[in-house]
Amino acid sequence: MSNQPRHVAIIMDGNGRWAEMKGKTRTFGHEQGAETVRAITTYCAQHSEIEQLTLYAFSTENWKRPKIEVEFLMKLLERYLKSERSTYLEGNIRFEPIGDLSIFSKSLRNVIDDVQNATSACNGLVQNLALNYGSRDEIVRAANSLKNTETITVESLSAALDCTHDVDLLIRTGGDHRLSNFLLWQAAYAELFFTNTLWPDFAPNELEAIIKKFKTVERRFGGLA
Ligand code: IPE
Ligand code: IPE
Ligand code: MG
C-alpha cells in the first residue's frame, strides 16, 4: 500500500523575496501569500486522504522583524480570518490555531475564537494555523502543564502539545533547508520536501506532484523494509 499523506505540514516561506523580486514591498508578498493559503487549503479539503493541514504563519521568532511588517501581518491575519470564515464553513474545514495566542490583541483573539467556534462541527479537513508558534515554546508549555504528574511519557507529552498529530509530509517553500522551530516533535518521522518555489507561487499542482512522490517513498520508522 502506498503512503497516505494524512497530515501535511508546510513552512510557507518566501513571501518577502517574491515581492522584492517584483520591486514591491514585502507586505505585498504577504498579501499574495494569503491567496496561496486559500488555494492550498481548498485543494487539501477536496482530497479526503489529507485529514490535517498545518501551516506555519507566524513564528515565535518573527517578532524580531520591523514593527511595520509585524503590524501588517497581524492586520492581514485578522482580515483573512474574517473574510475566509465562509470558505471554512462551505468547505467543511475546521480551523484550529496552534501556538501561544495570549500575546495577541483582544480583537485578533476574538476573530480567532469566532472562526474556531464557528467551524468546530466541521468534520472535513482540519487546518491548524501556527500563530506565534515555536516548537520549543510548545514543548515547554506542554511539559509545564504536566509538571504535577508523576511520570511524563511520550504519549502524555504528545497529547499535551498544541498539535497532537504526527506529521507525514513536511514541505518548505522558499529554498531554505531548515525547520525554523516548526513541529520538531511531530516531524520525528516526517518525509521532508524542499522546493525553491516562493510561497506566493506555490500552486496546487506542485503540491500534487510532491504528494505523488511522497506516496512512493519507503517509510521504515526504524524497522526494516
Ligand atoms: C514567510 O515569508 C512568511 C512569514 C514568515 C510571516 P517571509 O516573510 O519569511 O519571506 P522571505 O523568506 O523573507 O522571502
Ligand atoms: C519560518 O520562516 C516561519 C514561517 C514561515 C512563519 P522564516 O522566514 O521566519 O525562517 P528563517 O528566519 O528563514 O529561518
Ligand atoms: Mg523567510
Side-chain angles (χ1 to χ4, degrees), residues 7-41 43-44 52-84 95-105 108-109 111-112 126-141 161-163 167 169-187 190 192-203 206-207 210:
H7 184 182
V8 176
I10 311 182
I11 301 173
M12 311 185 288
D13 198 24
N15 291 350
R17 280 164 285 162
W18 182 87
E20 278 158 7
M21 273 169 53
K22 293 184 150 44
K24 304 256 167 82
T25 57
R26 294 177 52 83
T27 53
F28 181 67
H30 296 312
E31 199 76 59
Q32 199 57 43
E35 299 294 319
T36 307
V37 171
R38 183 190 305 112
I40 293 298
T41 302
Y43 172 89
C44 290
Q52 306 263 335
L53 172 67
T54 303
L55 299 174
Y56 206 4
F58 193 86
S59 78
T60 47
E61 286 74 47
N62 286 146
W63 300 103
K64 293 176 191 165
R65 295 187 179 199
K67 193 164 175 254
I68 189 161
E69 180 168 344
V70 170
E71 275 172 5
F72 181 87
L73 285 167
M74 295 303 133
K75 289 209 184 90
L76 174 63
L77 181 59
E78 195 168 326
R79 187 153 45 82
Y80 180 83
L81 288 175
K82 274 185 191 155
S83 75
E84 293 310 303
F95 165 75
E96 287 289 346
I98 62 168
D100 181 0
L101 308 179
S102 64
I103 197 166
F104 292 131
S105 71
L108 179 52
R109 272 184 289 140
V111 178
I112 291 171
V126 179
Q127 185 212 55
N128 305 297
L129 201 58
L131 304 170
N132 188 32
Y133 175 88
S135 197
R136 288 175 170 180
D137 174 68
E138 177 192 36
I139 292 167
V140 168
R141 283 187 287 107
L161 295 170
D162 299 346
C163 176
V167 175
L169 168 58
L170 191 147
I171 301 166
R172 181 175 186 135
T173 64
D176 285 315
H177 297 184
R178 56 177 171 259
L179 294 177
S180 302
N181 202 11
F182 188 48
L183 302 175
L184 303 180
W185 174 285
Q186 298 87 340
L192 310 180
F193 283 74
F194 299 95
T195 169
N196 289 330
T197 304
L198 303 171
W199 177 250
D201 286 332
F202 190 72
E206 187 169 359
L207 175 57
I210 291 172

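Whatever order the structure lists ligands and atoms in, that order sets their numbers, starting from 1.
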- Mind checking what makes side chain to side chain donor-acceptor pair (under 3.5 Å) contact with Tyr80, not counting sequence neighbours?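 Expected list: none.
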
- Using the test side chain to side chain donor-acceptor pair (under 3.5 Å), find all partners of Asn128 that sit at least two apart in sequence or belong to another chain.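 With sequence neighbours excluded, Asn128 shows a side chain to side chain donor-acceptor pair (under 3.5 Å) to Gln52, Thr54, given in chain and number order.
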
Any luck finding a side-chain donor-acceptor pair between [X] and [Y] under 3.5 Å?
X      : Y      : value
Thr195 : Glu206 : yes
Asp13  : Trp199 : no
Glu84  : Gln127 : no
Arg109 : Ser102 : no
Gln186 : His7   : no

- Protein N, O or S atoms lying under 2.8 Å from the Mg ion (ligand 3), listed by chain and number: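 Short answer, with waters excluded from the count: Asp13 OD1.
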
- Examine Arg26 against ligand 1 and note whether any of their N/O atoms are separated by less than 3.5 Å.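 For ligand 1, there is an N or O atom that lies under 3.5 Å from one belonging to Arg26.
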
- Query: Looking at Asn62, Ile103, Leu101, which hits side chain to side chain contact (heavy atoms under 4.5 Å, CB included) with Asn132?
  - Reply: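 Testing Asn132 for a side chain to side chain contact (heavy atoms under 4.5 Å, CB included) against Asn62, Ile103, Leu101 leaves exactly one candidate, Ile103.
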
- Applying a strict 4.0 Å limit to heavy atoms, is His30 in contact with ligand 1?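 The answer is yes: ligand 1 sits under 4.0 Å from a heavy atom of His30.
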
- Nearest heavy-atom neighbours spanning Leu76 and His30: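 Shortest heavy-atom separation between Leu76 and His30 comes out as CD2-O, 3.5 Å.
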
- Query: At their closest point, which heavy atom of Tyr56 faces which heavy atom of Asn181, and how far apart are they?
  - Reply: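 Taking Tyr56 first and Asn181 second, the nearest heavy atoms are OH-O, 3.4 Å.
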
N/O contact list for ligand 2, threshold under 3.5 Å:
from     : atom 1 : to     : atom 2 : distance (Å)
ligand 2 : 8 (O)  : Asp13  : OD1    : 3.2
ligand 2 : 8 (O)  : Arg65  : NH2    : 3.2
ligand 2 : 9 (O)  : Asn62  : ND2    : 2.9
ligand 2 : 9 (O)  : Arg65  : NH2    : 3.4
ligand 2 : 10 (O) : Arg172 : NH2    : 3.4
ligand 2 : 10 (O) : Ser180 : OG     : 3.4
ligand 2 : 13 (O) : Arg178 : NH2    : 2.8
ligand 2 : 14 (O) : Arg178 : NE     : 2.8
ligand 2 : 14 (O) : Ser180 : OG     : 2.6

